[in-house]
Structures are given as structure tokens and as C-alpha cells.
Amino acid sequence: MEALGIGEGSSRWQGSGVEDAITTLNAVSVVRSPSASAQMEGVTPTPGTPHFVVPPPFDESSSGDCYFVSSDGIRFKVLRHSLIHTTRYFEEFFQDVPSSTSHTDLPKFYFDEDARTLHALLIVLYPVHTREFIDIEQMLELTKLQEKYAIPDSTMMFAISVVVGRNYSGPAPEDDVLDVYAVAWTSGYRNEVKHFSRFTHRVDLTDQSIVDRLIRNSGTSKSYIALMELRREREAALDGIIEALEPKKHFCLSHSSSDTMFFAFISMIKTAARNALLEPCPLCNDAFEFLGLQGTDERRTVTWCSTCYSKADKARLTNQLQAAIERYPQTISM
């Protein structure tokens, strides 16, 4: 007999009330899982939804003694003794469920979560080392489910550390940088938060939906305020980038005698510098090429006459600019 019932998050075996549960479920036309004959199978519930293939140790070859069925019809073969002591939720969940006497007709429990989220939950709780399969979106979903499934803080923090660490150790975050930044913030990973902040320069913080998501996922507006403060510091520090190019010394007389003309060129150089410094780890090998002032194809973002910078020591200016870039704010202050 299948173990069926009604309850938030999953189905429950209700002992003597199981027949009533079956009647109730039949009345609301609960969709059954795919047949047990198909191994590693999945379903595509709606057009455009990726086909989910259940991986080990939750596939049909598993030694599990029951099925967890996701809201989109995917079933995971689970060994209840591997879960019963992981959280208080599953300890209570399985306490009234008798052991199955059949190897072909295992009990099924139906959950509210879709296959990807249910898989992530099992990965976090199951005694297997496959947390690298959890991405930042799934991690965010699990943080919302922590109270519901009574996931211990230590278990959740370890899973978060794996996701944050994976994004921290590479040359750039693999997942959405603002989500990783938010998760690291809410988990108290100060060094990681600073590291991820250097990858946020291109994020549109004037987009209210982006700001709302950041504050919601980090749990505080301080994460947003810190990024805005970094942007203010970066804008103020642009003067140091411009000074490294010594414009007063190298603009020709006709382009430096008039304040209007001079500051118009300064404004254009600032725009070029602002764009070049959006990179998380900028490196300057040629001052003019770095700022787009003089590219190898002879095209310039900032146009000036052939006299401007004609006698400049390019190598010295490049060294000065690189030193200014190294001082330029790239991460938040904590």
C-alpha cells in the first residue's frame, strides 16, 4: 500500500486514518508518479521546463525504501534511515510510517517543492558529498525552507559555505554575483562579501527590482548601502585617475587655454576611465589603450589634436596610471 496523506511540505502516513487520506487525495485527483520500470526518468510538466533526470543516489538503482515525489511529478528513491535523524521534521515525519514489506511497491510521499528544489534539499541532508550540484538559486530557496523542514543551522551553514566557496575560489563567480554576494552577507562571510563586491560594478543599482532582491536575499538594506557607498567612493576617486595622465601638462595650448574646452576633455576622459574601471581586476599595460584614448586601431574614445600628448612619456604615464588604478576602490569597506 502507498503511504499517502495531506500535510504542508509532504504527505504523511496517518496510521489508522490512512484510508481517509487516500479518499481525500483521490478526491483532489493527485497525480501519480511515473512507473517504477523506467530508470533515471523524469517528466517535463510544462513546455519550456528543462527535463529533470534524477541522479544517484536517488535514482531507481538506489537501495531506497520509499519515494519522495516532487510537485512536478519527479520521484526520488530515498532511504528513510538516512534522513530520519537529519532534522526534527523528518524524525517526526517517519515515526508513524511502518517499514515497507515490498521491494516493488514502495510508499510514496508527495512534496510541495519542484524537482530541483527537492533534490537540493536531499543533497543538503543526505550523507553524500554532492553539494557542488547546488547552485545559488537553489541555495536561496533552501534558506526559505529552513524553518519549514527544521534544517539545523550547522547543516545549512555548511551547504552555504560550499556554494560561496565555489564562487570565491574561481577567477569569477559562477552564479549570479549579486545573489552570491547577498548569501555571503547574510551568512557573515566578510572576506567573501568584499571579494564578490568587486564583481558588482556593472550591476544596475537603479533598478528597483534588483535592489529589492538584494535586500530580500541578504536580509538587510546594509548590503545595498555598502555597494552604493562603494560607487560614491569610486566616483570621487576618478580625479586621481585623471591626475595620473597629467592633462594640464600634455594638452596643447589651444585645448588648455579655455576652461570650457579643457573641462570638456576632462569630462570625456573621466567617462572613458569610468567605463574601463568596471572590470573587477583592471590591469593597465598601456595608458591610452586602457582608457580607450588611443587604441591600436587608431580609434579614440576621446579625440584631441596630434599635438596633445605628442611629447608625453607613455611608459611613465602608464606606470602612474597603474599605480592610481591599484589605489582605486574596488571593494566595499567592512
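For the numbers below, each heavy atom of this structure counts, side chains included, while hydrogens, waters and symmetry mates do not.
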Are the side chain of [X] and the backbone of [Y] linked by a donor-acceptor contact shorter than 3.5 Å?
X	Y	result
Q138	R116	yes
T200	V203	no
T331	S197	no
T186	G219	no
S218	S223	no
H201	R198	yes
E192	A184	no
Y89	K148	no

Check your understanding: Once the angle between the rings of F76 and F58 is folded into 0 to 90°, is it parallel (under 30°), tilted (30 to 60°) or perpendicular (over 60°)?
Key ->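 Perpendicular, since the angle between the ring planes exceeds 60°.
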
One thing to verify: whether [Y] and [X] come together as a salt bridge, which I'm taking to mean a side-chain N less than 4.0 angstrom from a carboxylate O.
X	Y	answer
E91	R88	no
E235	R232	no
D59	K77	no

[X]: partners by side chain to side chain contact (heavy atoms under 4.5 Å, CB included), with sequence neighbours left out:
X	result
H195	Y168, F199
Q208	V211, D212
S71	D114

**Study point:** Donor-acceptor side-chain pairing of Y67 and E60 below 3.5 angstrom
**Key:**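 Indeed, the side chains of Y67 and E60 share at least one donor-acceptor pair under 3.5 Å.
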
**Study point:** Side-chain H-bond candidate by donor/acceptor type, E233 with Y328, under 3.5 Å
**Key:**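 Result is no, nothing qualifies.
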
Review point. Taking only residues two or more places apart in sequence or in another chain, which ones pass side chain to side chain donor-acceptor pair (under 3.5 Å) with K222?
Key: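 If we apply the side chain to side chain donor-acceptor pair (under 3.5 Å) test to K222, skipping adjacent residues, there are no hits.
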
Check your understanding: Are the aromatic ring centres of H119 and F52 under 6.0 angstrom apart?
Key ->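 Ring-ring flag for H119/F52: true, centres closer than 6.0 Å.
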
Practice item. Not counting sequence neighbours, list each pair that qualifies as a side chain to side chain donor-acceptor pair (under 3.5 Å) and has a residue in residues 174-184. Key: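 Qualifying pairs: R166-E174, R166-D175, N167-D175, D179-R213, D179-N217.
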
Exercise for review: Could you name each residue pair satisfying side chain to side chain donor-acceptor pair (under 3.5 Å) that touches residues 275-285, not counting sequence neighbours?
Suggested key: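 Checked against side chain to side chain donor-acceptor pair (under 3.5 Å) - neighbours excluded - the pairs reaching residues 275-285 are R202-E279.
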
Exercise for review: Evaluate the side-chain proximity of I74 to V69: yes if any heavy-atom separation is below 4.5 Å, no if none is.
Suggested key: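 No, too far: nothing below the 4.5 Å cut-off.
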
